[in-house]
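In what follows, every chain begins at residue 1, and chains take the letters A, B, ... in the order their sequences are listed.
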2 protein chains.
Amino acid sequence: MYDDLKQFVTQFAHLSREEWEAVMPFIEIRNLKKNDYFIREGEIARYISFTQKGYLRVLYNHDGNEITRDISPLHTFVTALPSYVSQTPSFEIVQAITDCELFVIYRDHLEALYDRYNNWQRVGRRIMEEMFVQTQSRIYAFITQPAEVRYDEMMKQFPDIFQHVPLQYIASYLGITSQSLSRLRRSVKF
Amino acid sequence: MYDDLKQFVTQFAHLSREEWEAVMPFIEIRNLKKNDYFIREGEIARYISFTQKGYLRVLYNHDGNEITRDISPLHTFVTALPSYVSQTPSFEIVQAITDCELFVIYRDHLEALYDRYNNWQRVGRRIMEEMFVQTQSRIYAFITQPAEVRYDEMMKQFPDIFQHVPLQYIASYLGITSQSLSRLRRSVKF
DNA sequence: TTGTTTTTTTACCAAATGTTAAAAAAATTC
DNA sequence: GAATTTTTTTAACATTTGGTAAAAAAACAA
């Protein structure tokens with residue numbers, strides 16, 4: 001049932017049986033249809049989600065344009081983090097790109113788990129460290145690589161995403177317009 | 001002595017007197033001269049630094065060009081994080097931009113502190129959350145703002161940096177060449 | 001100070017990406 | 001399946017940024 005979740009978290013720290021089972025009562029299964037919202041604009045992000053099935057994106061409205069900041073790979077945690085950590089209204093929106101099955105954990109429950117088990121707190125810390133490292137490499141990509149290379153790398157790293165995610169979201173994630181993405185896709189082919 | 005450090009960490013969690021004092025024996029003061037290295041390329045990052053005085057930058061060599069990924073504001077933690085978390089040789093270099101006074105803490109000591117005090121583990125987690133949120137807003141800037149706006153925002157947010165940090169490092173941090181930075185600085189003036 | 005090295009600026013041209021508009025293709029709805 | 005809506009592609013032109021080279025300015029060293 002929670003195999004993927006278990007595998008994900010135990011990458012970061014070994015958990016005793018008791019520690020692992022302590023999270024169980026806090027996991028809530030939520031199914032979203034394509035285009036449903038996980039977090040709406042202005043809402044306070046009171047929970048975090050592990051994507052068991054499907055793809056979410058994190059976006060925000062910038063002068064009427066939707067800016068996709070993140071497209072979640074399978075089996076990772078997603079929320080509108082700025083809102084989640086500060087418990088203030090979210091400028092970010094989290095939306096289902098495809099039908100999704102999510103494991104949802106409320107922040108209050110997770111914080112209680114952290115209070116009780118140092119080891120869970122460690123898992124939380126290590127996951128954040130890892131996410132930070134990944135975000136940094138994305139910044140390196142923006143600094144050093146033209147859009148075409150960023151696109152190629154993304155295709156290599158997340159080939160499954162291209163079967164499920166509209167190109168306009170991918171273009172925004174790469175920091176270009178969908179017209180530009182179209183153009184560089186054409187030039188790559190030949 | 002450690003007032004700035006104490007203020008920084010207690011932003012993230014309240015610490016009892018015992019908890020605060022537990023870190024003291026682990027703090028090592030290190031002074032760097034301008035251009036000295038804190039972490040060298042290929043070295044394993046075995047410690048983290050709080051910049052009490054001065055500015056560090058995090059960079060790496062990309063086809064012979066130095067790419068500045070980060071310029072540390074005063075009173076924050078810095079290390080070559082990918083190496084630090086995985087304990088593998090660092091591709092990133094951490095170098096003093098100005099003379100620096102650093103509070104250095106070894107990873108082994110910090111991990112021991114985390115093991116012993118859940119509250120310190122919490123501080124570590126919250127700092128990583130905060131750093132992640134900041135890095136994300138930098139990604140938003142890359143996606144939505146042209147270099148000129150990114151430059152203006154940086155000047156607003158870190159005006160002190162411009163008195164100490166060479167423009168070429170700032171250009172690289174902004175993701176442009178120093179020639180381009182020169183050009184847009186000229187156009188802003190009038 | 002003088003000479004040397006490094007950094008910043010300027011200029012010109014090239015390449016990458018944005019903007020606007022419209023057509024084509026695909027997905028969705030009735 | 002036909003009509004409608006959304007997404008993707010194409011095209012022409014504008015703007016931003018990069019690359020190369022060299023001059024000017026600043027920092028550093030003898």
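- With hydrogens and angles left out, the side-chain atoms of B:Ser180 and B:Arg183 include a donor and acceptor closer than 3.5 Å.
- By the side-chain contact (heavy atoms from CB on, under 4.5 Å) test, B:Gln52 pairs with B:Asp4, B:Phe50, B:His75, B:Glu101, B:Phe103, sequence neighbours left out.
- Nucleotide D:dT17 holds its C1' atom 16 Å from the CZ atom of A:Phe142, rounded to whole Å.
- Partners of A:Glu41 under the side-chain contact (heavy atoms from CB on, under 4.5 Å) rule, at least two apart in sequence or in another chain, are A:Asn61, A:Ile93.
- Between the CG atom of A:Leu184 and the C1' atom of C:dA15 there is a distance of 14 Å, rounded to whole Å.
- Qualifying side-chain contact (heavy atoms from CB on, under 4.5 Å) partners for A:Thr51, counting only residues two or more places apart in sequence or in other chains: A:Ser49, A:Leu56, A:Ser72, A:Thr76, A:Leu102.
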Worksheet item: Would A:Tyr140 and B:Tyr60 satisfy ring pair (Phe, Tyr, Trp, His ring centres under 6.0 Å), going step by step from the backbone distance to the final call?
Response: CA-CA 9 Å; A:Tyr140 275 126; B:Tyr60 89 115; 4.6 Å; yes

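- A:Lys6 is linked by a side-chain contact (heavy atoms from CB on, under 4.5 Å) to A:Thr10, A:Trp20, counting only residues two or more places apart in sequence or in another chain.
- The side-chain hydrogen bond (donor to acceptor under 3.5 Å, both in side chains) test applied to B:Glu66 returns B:Arg57, not counting sequence neighbours.
- Regarding B:Ile97, its CD1 atom lies at a distance of 12 Å from the P atom of C:dT7, rounded to whole Å.
- Looking at residues 161-178 of chain A, you'll see A:Gly175, A:Ile176, A:Thr177 sit with a heavy atom under 4.0 Å from some atom of DNA chain C.
- One finds no salt bridge joining A:Glu19 and A:Arg122 here, because no Lys/Arg side-chain nitrogen approaches an Asp/Glu carboxylate oxygen to under 4.0 Å.
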Listed pairs, N/O of protein and of nucleotides 22-30 of chain C, under 3.5 Å:
| from | atom 1 | to | atom 2 | distance (Å) |
| --- | --- | --- | --- | --- |
| C:dT28 | OP1 | A:Lys34 | NZ | 3.0 |

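- Taken over five-pair windows at either terminus, the axes of the helix from C:dT1-D:dA30 to C:dC30-D:dG1 are inclined to one another by 60° (rounded to 10 degrees).
- In this structure, the CD atom of A:Gln145 is 11 Å from the P atom of C:dT17, given to the nearest Å.
- Per the geometry, CD belonging to A:Glu148 stands 12 Å off C1' belonging to C:dA15, to the nearest Å.
- Taking a 4.0 Å limit (strictly below) on heavy-atom distances, residues 57-67 of chain B does not reach DNA chain D anywhere.
- Between B:Arg125 and B:Glu129 a salt bridge is recorded (basic side-chain N to carboxylate O distance below 4.0 Å).
- Side-chain rings of A:Phe77 and A:Phe8 approach one another, their centers coming within less than 6.0 Å.
- Atom CZ of A:Arg183 and atom C1' of D:dT15 are 12 Å apart (whole Å).
- C:dT17 atom C1' lies 14 Å from atom CZ of A:Arg186, rounded to whole Å.
- Each ring-ring contact (aromatic ring centres under 6.0 Å, His included) pair with one or both residues in residues 154-179 of chain A, not counting sequence neighbours, appears once here: A:Tyr55-A:His164, A:Tyr151-A:Phe162.
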In a table with atom names and distances, give each donor-acceptor pair under 3.5 Å that connects a side chain of residues 23-31 of chain B to protein atoms at least two apart or in another chain.
none

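- B:Phe132 meets the ring-ring contact (aromatic ring centres under 6.0 Å, His included) test with no other residue; sequence neighbours excluded.
- Across the interface with DNA chain D, nearest-nucleotide mapping of A:Ile143 and A:Ser182 shows A:Ser182 to be the residue nearer the 5′ end.
- Between A:Asp3 atom CG and A:Gln7 atom CD the span is 8.5 Å, to the nearest 0.5 Å.
- Rounded to whole Å, the distance from CG on A:Leu181 to P on C:dT17 is 11 Å.
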